[in-house]
Protein chains: 2
Amino acid sequence: MNIGQASKASGVTQKMIRYYESIGLIKDVERSENGYRTYAPNDIHTLAFIRRARHLGFSIEQIQALMALWRDEARSSAEVKAIAKIHIAELQAKIEELAAMQRTLEHLVACCAGDDRPDCPIIDDLSAKAEAPAKATPARSNGRHRAQPRV
Amino acid sequence: MNIGQASKASGVTQKMIRYYESIGLIKDVERSENGYRTYAPNDIHTLAFIRRARHLGFSIEQIQALMALWRDEARSSAEVKAIAKIHIAELQAKIEELAAMQRTLEHLVACCAGDDRPDCPIIDDLSAKAEAPAKATPARSNGRHRAQPRV
DNA sequence: GATTGACCTTACCATCATGGGAACCCCCAT
DNA sequence: ATGGGGGTTCCCATGATGGTAAGGTCAATC
């Protein structure tokens, strides 16, 4: 099975299949005489595993660990669970970060008339020089740790 | 005021100040004879604006639009509000995507014994070949549009 | 006057996972 | 032999950020 077939069967793009091979996430696959990569059903299975793990937001590094456990007959489910729990915590952190932004914005939007006049609490907030906190949403610990968050 | 002072005063790293200049988000600033960038209080204000907008998760492109409105005396608050609403929707979409991952993972983790034995529903799910959906979380439309989500 | 150290400059590389495209090779059918 | 639909490698781009190296500048201290 060539890479095009493997891509369709696994749902992973050809581009990414080659990338996963190049970074060692999957082993270098057999080549036929013309240099084409040749995939066995087992390889497709592996690729689909990766696709599903990516779909759940696992990083390549985490997937590497998961695949090692997958192959390991003597694994303990505790190890797998630990990785999953870490990822859940990562997702939770990210969600909270985004939700905090959203909350602030919702508040500002609610305060903004949204008409033809230039007066705008959103702009005011962004251009504010360390004003006193608003009374409507008091002392809410919204975990601002990074000044420049990666979004 | 040199870039170091400007960085401290605005909370934007020197690196990012130069970057913002290079991409045209802020105008090329005055240079003193030795080639050092020189910042006026107004520039600091602009940088702080950018920092706060980034903190709310606005993209550089959106910030460009927000800053144009900020400078525009004849702006309508509706224009600002529109940008903010778009961003709120983006945040919402992202949050839902992550929450869907989290929900699935929570379910799998709850099903996993997490002991010394290798049997693991998490691994089983990842390596599954298009099984029937679980009954515990039925037919939930969790918006899976991208096969390989950017997380 | 010379050295030190804090500051500034540009330029390049790395991140993370992914897509796009060019230039080229291979195979099969018309 | 020509065309088309595979495949291959290599380079570049994304977005926003950090790191580092090699060098210029300045003020203070020895």
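Numbered from 1 within each chain, the chains take letters A, B, ... in sequence-line order. These values consider heavy atoms only, across backbone and side chains, with no hydrogens, waters or symmetry-generated copies.
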Listed by chain and number, what are the salt bridge (Lys or Arg N to Asp or Glu O under 4.0 Å) partners of A:Glu106, not counting sequence neighbours? none
Establish, from distance only, whether the side-chain atoms of B:Gln102 and B:Glu97 form a donor-acceptor pair under 3.5 Å. no
Mind calculating the distance between CD (B:Glu21) and C1' (C:dA11) to the nearest angstrom? 15 Å
According to a strict under-4.0 Å criterion, is A:Thr13 in side-chain N/O contact with OP1 or OP2 of C:dG19? yes
Apply the salt bridge (Lys or Arg N to Asp or Glu O under 4.0 Å) test between B:Glu21 and each candidate in B:Arg37, B:Lys27, B:Lys15; give the one that qualifies. B:Arg37
Hey, is the side chain of A:Tyr19 poking within less than 4.0 Å of OP1 or OP2 on C:dC16, counting only N and O atoms? no
Angle by which the axis turns from one end of the helix from C:dG1-D:dC30 to C:dT30-D:dA1 to the other, five pairs per end, to 10 degrees: 50°
Is it the case that atom CD in A:Gln92 sees more than 12 heavy atoms from other parts of the structure closer than 6.0 Å? yes
Indicate the ring-plane relationship of B:His45 and B:Trp70, choosing parallel, tilted or perpendicular according to the 30° and 60° boundaries. perpendicular
Do the side-chain N and O atoms of A:Thr38 and A:Asn2 include a donor-acceptor pair separated by under 3.5 angstrom? no
Phosphate OP1/OP2 of C:dC8: any B:Arg18 side-chain N/O under 4.0 Å: no
Could you list by number each residue of residues 27-40 of chain B showing a heavy-atom separation from DNA chain C of less than 4.0 Å, or answer none if no residue does? B:Arg31, B:Gly35, B:Tyr36, B:Arg37
